[in-house]
Every structure is written in structure tokens, then in C-alpha cells.
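Beneath this line is the structure, given in C-alpha cells, with notes to follow.
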Amino acid sequence: MERTPEQVLEEARALIADAKSEDDFESARIKYLGRNGEVTALLKSMGQIPAEERKEYGKVANAVKQEITELINGGKARALAESRAAKLMSERIDVSEPGTDIPFGALHPITQTIDEISRIFIGLGYSITEGPEADTVFHNFDALNAAPNHPSRDLSDTFYITEDTLLRTQTSPVQVRTLMSSEPPIKVISPGRCFRADTPDATHSPMFHQVEGLLVDEGVTMADLKGTLDAFAKRMFGSGVATKFRPHFFPFTEPSAEMDMSCFVCGGEGCRVCKGSGWIEILGCGMVHPNVLKVGGLDTERYTGFAFGMGVERIAMLKHGIDDIRLFYENDVRFIGQFA
Ligand code: DAH
């Protein structure tokens, strides 16, 4: 004998009471109310019920169908609400939570040093100019009054591209370009990369940076050079440093000098930084050679000027106590990050 509507209802209540997920309720719906469901079967079997019982049976079966429908719909709605609430909780965004740290980058210490040097000279009224890294033998050597047999012209010292072109070995060719393209008063600095065929070691790199300076006007003297470069050293390394000028040779200046400054670490007593001498060599300089002024077509009776050139790596190494130039080019963030 088929089960009675009461039996079906009882079993359905128990099953629905255990249902949790929307899927559980959906399978209960299929089991009882689907096309082949048990409640559907009860109603289909009405025809076989004796006529006098049919009315009562129909009433009960319909009530069973109604109760099961309500239980399932109610449970399904609850399950849906619960699963939505759980999903919302799990996807909740705490807008007050501090953000994930994105580490800040830092300017490379060489860039920082160039910026610092530039700021000092901008403060003295200079403007900044640039020249090409690949330049001509004319701009890098000939026009700078370098003797035809000057050792730096050698293939073993200079990266030649062709017979007439090279990677500049210094920023001094920018002097030539500036003299050829502008009229005095000239007051420029030019930072940039230079290249020499050096084997890398703690103090040499085949690629390095210089800052060139050039001032040309009427009546410029060695006193202007000394005053300017002394002011630069004091701003760069502290007002306590003293400077002295040692005669030297550069083909493009006459007279030429190297500027030393008193050691900013020991004050001149002698220490590791100044290698016990109390003095630190800081740059090359001199009065622009008339032969160089002539390349720019200038009247050398009327105009004089001074020039200087400094190594950026050297200055950065001194300032920050860095003992190996190669650290600048390894791009190790543990090194670069120290200059943030
Ligand atoms: N060009 C020189 C070098 O690379 C540095 C230098 C010295 C530049 C004296 C100058 C200067 O302008 O007057 O060693």
C-alpha cells in the first residue's frame, strides 16, 4: 500500500528540519513536489481512492502539499539569506584598515649628488647644459687643445666608435659646444656620463660621471675661479673647509690647477678619509686656454674665463663614506635604499 499523506508529511518534516543549504531544500522540493515527487504521487493517486473517501483524502493531501511547500520555501529563503550574509562577511572590506605598504623608491646617490652640485651652481647664477655621450674626437680632444700624441687619445684609454667618434672621456667637450653655440657672458655647468677604458676596481669604472663648469666674460680672473670654487666646496662639504690650489696640467686651461680642500672629517689633522694628509683632492680647474676660446670664435684680448671639472662618484664617495665605486652600479636596493 502506498504511504498515507500523514506518513509522507511526517517524513518530509524530519528531512526538511535537517536541511541546511539551498541545495538541501531544492532536493527536498524535487523529492516531494517535483513531477515525480511523493506529494505529486499522492495527488495523482486520488482516482484510486474510493469515492466516499476521496473528498477527505483530497483535503488532507492538499494540506500536506501546502505545508511541505511552505516549509521548503521558508527554509530555502533562510538558507539563501544566511549564505548571502556569510558571503558578505567574508568579502567585507575594513576601510579603516591601514593600507599595504608600498616601499618608496629613492633617487640614486649619483643623481642626488649631481642635483646637490647643480643646486649650488644654480644658486650662483649658472644654468645647466648637456652634451652628447657619444661625441667627436674634435670636441673631446682637438678643440680642447689636446696634443696629437696626448696619452688619453690612446685606443687603450678611450672607447672609439669610429676613427672620428668616441664615447666622451670627460664632460669638457661641452665647453667646446657651448663656446661654439653661444656668446659671452657664459655661465654653465654640465653634468653627465663619461667613459674610459679602465678595468673596474674600487676606484675605477669604465663609466662614471663628471660635472663640468665654464664661465666666460670680460675681465674674468683666477680670483673669480678661486672664490667660486671655494664657495662651492664650503656649500658642499661645510663652511669649515678651506681650499688650496695646486698647479697642475690640463691642455685646455692655462694656468691649470687642482683644488684640494681641508678634510671635512678630521678638519685637517689627518685621518683615514684624507689618508693622513689633512687634504682631499676635489676637482681640476684653470683659466680657459686661448686656443679653446678661439674655437668658439672669441676675441681672446677681450674675453677670459675659467673652467672646472669634478668627478661625481668621487664626491659622493667622500660625502657618504663609500669605499668602492662599483657599489653605485650594482643596483642593489640594500645599498641604494640607504640614500632614501
Ligand atoms: N676634464 C678633466 C678630466 O677629466 C677635468 C677638468 C680639469 C675639467 C680642469 C676642466 C678643467 O674644465 O678646467 O680630468
Side-chain angles (χ1 to χ4, degrees), residues 110 114 117-118 121 124 126 128-133 135-147 150-154 157-159 166-180 186-198 203-217 220-230 232-233 243-261 280-293 295-296 298 303-315 325:
I110 292 300
I114 288 175
I117 296 167
S118 299
F121 283 102
L124 293 171
Y126 286 68
I128 296 179
T129 184
E130 282 186 356
E133 293 171 356
D135 210 335
T136 63
V137 171
F138 170 76
H139 290 96
N140 194 82
F141 290 127
D142 302 338
L144 286 167
N145 203 36
H150 194 279
S152 67
R153 289 178 181 258
D154 209 279
D157 291 321
T158 297
F159 294 115
L166 42 68
L167 296 181
R168 66 179 179 188
T169 61
Q170 48 189 356
T171 43
S172 303
V174 183
Q175 286 190 44
V176 177
R177 292 179 170 278
T178 305
L179 286 167
M180 290 175 77
I186 291 168
K187 218 173 161 185
V188 294
I189 61 163
S190 186
R193 281 204 286 186
C194 306
F195 307 85
R196 289 182 196 175
D198 282 330
T203 55
H204 293 87
S205 162
M207 189 279 291
F208 58 98
H209 299 74
Q210 288 187 339
V211 175
E212 192 78 12
L214 176 68
L215 182 145
V216 179
D217 202 351
V220 178
T221 71
M222 189 93 186
D224 299 312
L225 176 159
K226 291 173 85 171
T228 300
L229 295 177
D230 182 78
F232 163 72
T243 53
K244 68 175 183 183
F245 292 79
R246 228 176 342 97
H248 199 77
F249 173 79
F250 296 107
F252 37 85
T253 43
E254 181 59 36
S256 304
E258 278 188 333
M259 183 174 87
D260 296 343
M261 70 175 181
I280 297 171
E281 179 198 320
I282 209 74
L283 51 77
C285 58
M287 301 306 290
V288 182
H289 196 291
N291 288 353
V292 179
L293 292 175
V295 175
L298 295 187
Y303 292 112
T304 49
F306 66 77
F308 53 89
M310 61 187 94
V312 178
E313 279 78 357
R314 182 171 162 72
I315 290 178
I325 196 172

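Values reported hereafter were calculated over all heavy atoms of this structure, with side chains retained and with hydrogens, waters and symmetry mates removed. Whatever order the structure lists them in is the order used to number ligands and atoms, beginning at 1.
Remark: Lys187 NZ is packed, more than 12 non-hydrogen atoms of other residues, nucleotides or ligands lying under 6.0 Å away. Within a 6.0 Å sphere centred on CD of Glu130, heavy atoms belonging to other residues, nucleotides or ligands number 12 at most.
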Do any nitrogen or oxygen atoms of ligand 1 lie under 3.5 Å from a protein nitrogen or oxygen, and which ones?
from, atom 1, to, atom 2, distance (Å)
ligand 1, 1 (N), Gln170, OE1, 2.8
ligand 1, 1 (N), Ser172, OG, 2.9
ligand 1, 4 (O), Arg196, NH2, 2.8
ligand 1, 4 (O), Gln210, NE2, 2.9
ligand 1, 12 (O), Gln175, NE2, 2.9
ligand 1, 12 (O), Glu212, OE2, 2.6
ligand 1, 12 (O), Phe308, N, 3.3
ligand 1, 12 (O), Phe308, O, 3.2
ligand 1, 13 (O), Ala307, O, 3.1

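For the residue pair Thr304 and Leu293, the shortest heavy atom distance occurs at CA-CD1, 4.3 Å.
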(request) Output, in order, the C-alpha distance, side-chain angles, deciding distance and verdict of side-chain hydrogen bond (donor to acceptor under 3.5 Å, both in side chains) for Asp157 and Thr169. (result) CA-CA 9 Å; Asp157 291 321; Thr169 61; over 6 Å; no
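Considering only residues two or more places apart in sequence or on other chains, His248 meets the ring pair (Phe, Tyr, Trp, His ring centres under 6.0 Å) condition with Phe250.
A centroid separation of less than 6.0 Å is found between the aromatic rings of Phe121 and Phe308.
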